[in-house]
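Quick note on labels: first sequence line is chain A, next is B, and so on, each numbered from 1. Bear in mind the structure is a predicted one, so any value in this text is a computation, not a measurement.
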Number of protein chains: 2
Amino acid sequence: MARTHKADPACDLIHGDFLVESPLHVAEASVDLVVTSPPYNLGVDYNSYRDRLSRDDYIDWTDRWAAEVHRALADDGSLFLNVGTRPSDPAAAWDVASVFRQHFRLQNVIHWVKSIFIAKGDVGKYPGVTRDVTVGHYKPVNSRRFVNDTHEYIFHFTKTGEVELDRLAIGVPYQDASNIERWAGAGGGVHCRGNTWFIPYPTIKFRAKDRPHPATFPVRLPEMCMRLHGVEKISRAMDPFVGLGSSALAAQSLGIDFIGFDIDEVYLEYARSRLAEPRQPDLIDAARP
Amino acid sequence: MARTHKADPACDLIHGDFLVESPLHVAEASVDLVVTSPPYNLGVDYNSYRDRLSRDDYIDWTDRWAAEVHRALADDGSLFLNVGTRPSDPAAAWDVASVFRQHFRLQNVIHWVKSIFIAKGDVGKYPGVTRDVTVGHYKPVNSRRFVNDTHEYIFHFTKTGEVELDRLAIGVPYQDASNIERWAGAGGGVHCRGNTWFIPYPTIKFRAKDRPHPATFPVRLPEMCMRLHGVEKISRAMDPFVGLGSSALAAQSLGIDFIGFDIDEVYLEYARSRLAEPRQPDLIDAARP
DNA sequence: AGAGCCGCTGAATCCTTTT
DNA sequence: CAAAAGGATTCAGCGGCTC
């Protein structure tokens, strides 16, 4: 079990528009970590690249909430922005990132790999992979010109570009036995995970009527982001778009105070019910001292 | 062994600047596939390239060779552009891609994963991973603020954005046991690989008079790009920056005519020596009929 | 009784046709 | 010719059944 930060962290879930409510509830530079996955679609069809007005509206709206996050974030805080992609618009995530680059420094780009094929013959001398295998959930796409998308971005933005991270908090074990002894003293037998994170997509299969939100990220994703920034450095975490509450659950599991917003009361109710459930075991797979 | 295209494909390796030589050697729209890894302008110690152009000069130079590739490429051709990242400028690859978006349509973005950690507990019900394992070579980076980089981009550009691909040519086996036999007939027992490709980093150690080539990609990378586009549709492939000749080797192994350029004769000589070696077995791991 | 076979369902989807 | 709607498609997951 990972060490948690506080015994009984606070969790405020506020019903309303982040752009309206955040200025009322969040003091300047009072949040140490933001992790979120913004809505792709605001009810306007911004996906059509010829619909300049709608697309511009989306970019403008992105710019405004980016500015509000900047106001709320501490000078040494971190923003982890999860953005997925549609095969038919592979650059959309980077268009969003471009807006944030006007407010923040892009310090790291992490690649969330939801599914990948590992050939046994490619593994080399390390045992552990015994046959060709696809790890993770594969979601087919009907297209002759697009390959399937099994990837999402996690952009790590900071104000200075120089925020120190706790890389070993989500470290992975050394592979080579000789390195384990040589370097074990330094970091507890683990080294930096790198920027490709294999996190299986949750395979929970709701029936359509039970699924209040089309997509969310697994709890482990915000958990890993928080630990990478450094749990003990986070007095309060924030998510402007709570959705089903994965980021709130992550904060709860790590003992971090949390404030979140969502415009949809149904989502918030669902998030509250998840928070009230018995705490799940920490599934983070990093080796720990 | 994969089927090859032609028995004895031609291979022209031309010593000189692509921007100067290509107009002399390559007719308009006469190349069906381009795969290359341009100098990154990262301050890497290449032999002859001035690899420390100013940012504006680098963008301008990129724009010019992008235009020349556009001239050479067939209307239904594919350009696969491999670009890595430097930790201190995580968006550099996309800045290069932005230049190409002014000439081409970005049809797919493929993520070349050089190393990734797979936890046994994350694999689910499919056997094949028996313990926590890092697949691929881990290259440490000494930094407090940057996680280490185990990823490179492969941008797939086309003129129309509607080039049909041969997704199953680099397909991977079905995962679910109950589905393997059921749908095996449709595509030879494989489905689309998706956009995250695990290819271990090559262990080439090239030294020539203390002037090593700092970067190359494994032969399998251009091989997979060529097969994804469709080997039988490629009359001639091209690489503006041959370097150590991996793309030429890929073309040779698949029986595809090839033309390549490099400003450095030492690199070309090394590429020629690799081409003259006994042909290596095809390491592509796709299942085949 | 566990492995194998089969039907059914769904997906921040894509494609084609119709206004 | 841009936008909307219905059709097509693929493969993992699950449950029920057989042998």
Side-chain angles (χ1 to χ4, degrees), chain A residues 36-55 58 62 81-93 95-96 112 114-117 132-154 200-218 221 241-244 246 262-264 267, chain B residues 105 107-109 122-128 160-168 171-195 287:
Chain A
T36 194
S37 183
Y40 289 7
N41 195 330
L42 296 170
V44 294
D45 187 0
Y46 65 90
N47 294 318
S48 170
Y49 70 94
R50 293 208 182 277
D51 191 353
R52 294 189 57 81
L53 192 61
S54 294
R55 188 180 182 89
Y58 182 75
T62 300
L81 181 65
N82 166 230
V83 190
T85 310
R86 294 168 38 152
S88 55
D89 190 2
D95 291 339
V96 172
W112 172 22
K114 295 185 280 190
S115 170
I116 193 167
F117 176 75
D132 295 354
V133 62
T134 294
V135 294
H137 173 74
Y138 174 81
K139 191 174 69 174
V141 166
N142 173 29
S143 174
R144 294 276 300 162
R145 55 185 173 143
F146 301 130
V147 297
N148 296 83
D149 184 30
T150 65
H151 167 280
E152 294 195 16
Y153 295 95
I154 305 168
Y201 197 78
T203 56
I204 302 162
K205 204 174 181 179
F206 297 103
R207 282 170 303 199
K209 69 181 177 67
D210 296 329
R211 191 191 310 112
H213 191 281
T216 186
F217 44 64
L221 192 151
F241 311 101
V242 163
L244 301 188
S246 291
D262 209 290
I263 207 166
D264 191 319
Y267 296 168
Chain B
R105 297 287 299 270
Q107 188 168 323
N108 286 279
V109 174
D122 289 341
V123 176
K125 67 177 179 178
Y126 303 113
T160 63
E162 294 178 1
V163 172
E164 296 203 348
L165 300 173
D166 189 0
R167 305 199 308 171
L168 299 185
V172 299
Y174 288 112
Q175 198 58 21
D176 195 283
S178 72
N179 290 325
I180 293 174
E181 289 193 11
R182 271 195 279 183
W183 289 296
V190 298
H191 63 67
C192 177
R193 177 177 295 256
N195 66 340

Want to settle it: does A:Pro140 or A:Gly136 sit nearer the 5' end of DNA chain D, counting the closest nucleotide to each? A:Pro140

Under 4.0 Å between a side-chain N or O of A:Ser143 and OP1 or OP2 of C:dC15? yes

Euclidean distance, atom CZ of residue A:Arg144 to atom C1' of D:dT10 [Å, nearest integer]: 14 Å

Check the pair B:Asp176 / B:Ser178 against side chain to side chain donor-acceptor pair (under 3.5 Å), numbers first and verdict last. CA-CA 6 Å; B:Asp176 195 283; B:Ser178 72; 2.6 Å; yes

Any side-chain N or O of A:Arg145 under 4.0 Å from OP1/OP2 of C:dC15? yes

Quick one: is D:dA12 close enough that its OP1 or OP2 comes under 4.0 Å of any side-chain N or O from B:His191? yes

Looking at CD of B:Glu164 and CZ of A:Phe146, how far apart are the two atoms once the value is rounded to the nearest 0.5 Å? 11.5 Å

Who is the Watson-Crick or G-U wobble partner of D:dC17, with both distances under 3.5 Å? C:dG4

Interatomic distance where CG belongs to B:Asn195 and P belongs to C:dC14 [whole Å]: 12 Å

In whole angstroms, how far is the P atom of D:dG15 from the CG atom of B:Asn179? 15 Å

Looking at C:dC5, I'd like to know if its phosphate oxygens (OP1 or OP2) sit under 4.0 Å from a side-chain N or O belonging to B:Ser178. no

B:Ile180 CD1 - D:dA12 P separation (whole Å): 9 Å

Among A:Asn82, A:Val83, A:Leu81, A:Ile154, which residue meets the side-chain contact (heavy atoms from CB on, under 4.5 Å) test with A:Ser37? A:Asn82

Applying side-chain contact (heavy atoms from CB on, under 4.5 Å) to B:Arg193 and A:Asn148, what does each step give before you reach the verdict? CA-CA 7 Å; B:Arg193 177 177 295 256; A:Asn148 296 83; over 6 Å; no

Does C:dC14 have OP1 or OP2 under 4.0 Å away from a side-chain N or O of A:Arg86? yes

Spacing between B:Asn108 atom CG and C:dC14 atom P, to the nearest angstrom: 11 Å

Nearest-angstrom distance from the residue atom OH of A:Tyr138 to C1' of D:dG13: 15 Å

Do A:Pro90 and B:Asn108 come within less than 4.5 Å of each other through their side chains, counting heavy atoms only? no

Output the rounded distance in Å from CG (A:Asn148) to C1' (D:dT9). 12 Å

Send over the distance from A:Phe117 CZ to D:dC11 C1', rounded to a whole Å. 16 Å

Under 4.0 Å, counting only non-hydrogen atoms across every strand here, what does A:Ser37 touch: a base, just sugar-phosphate, or nothing? base

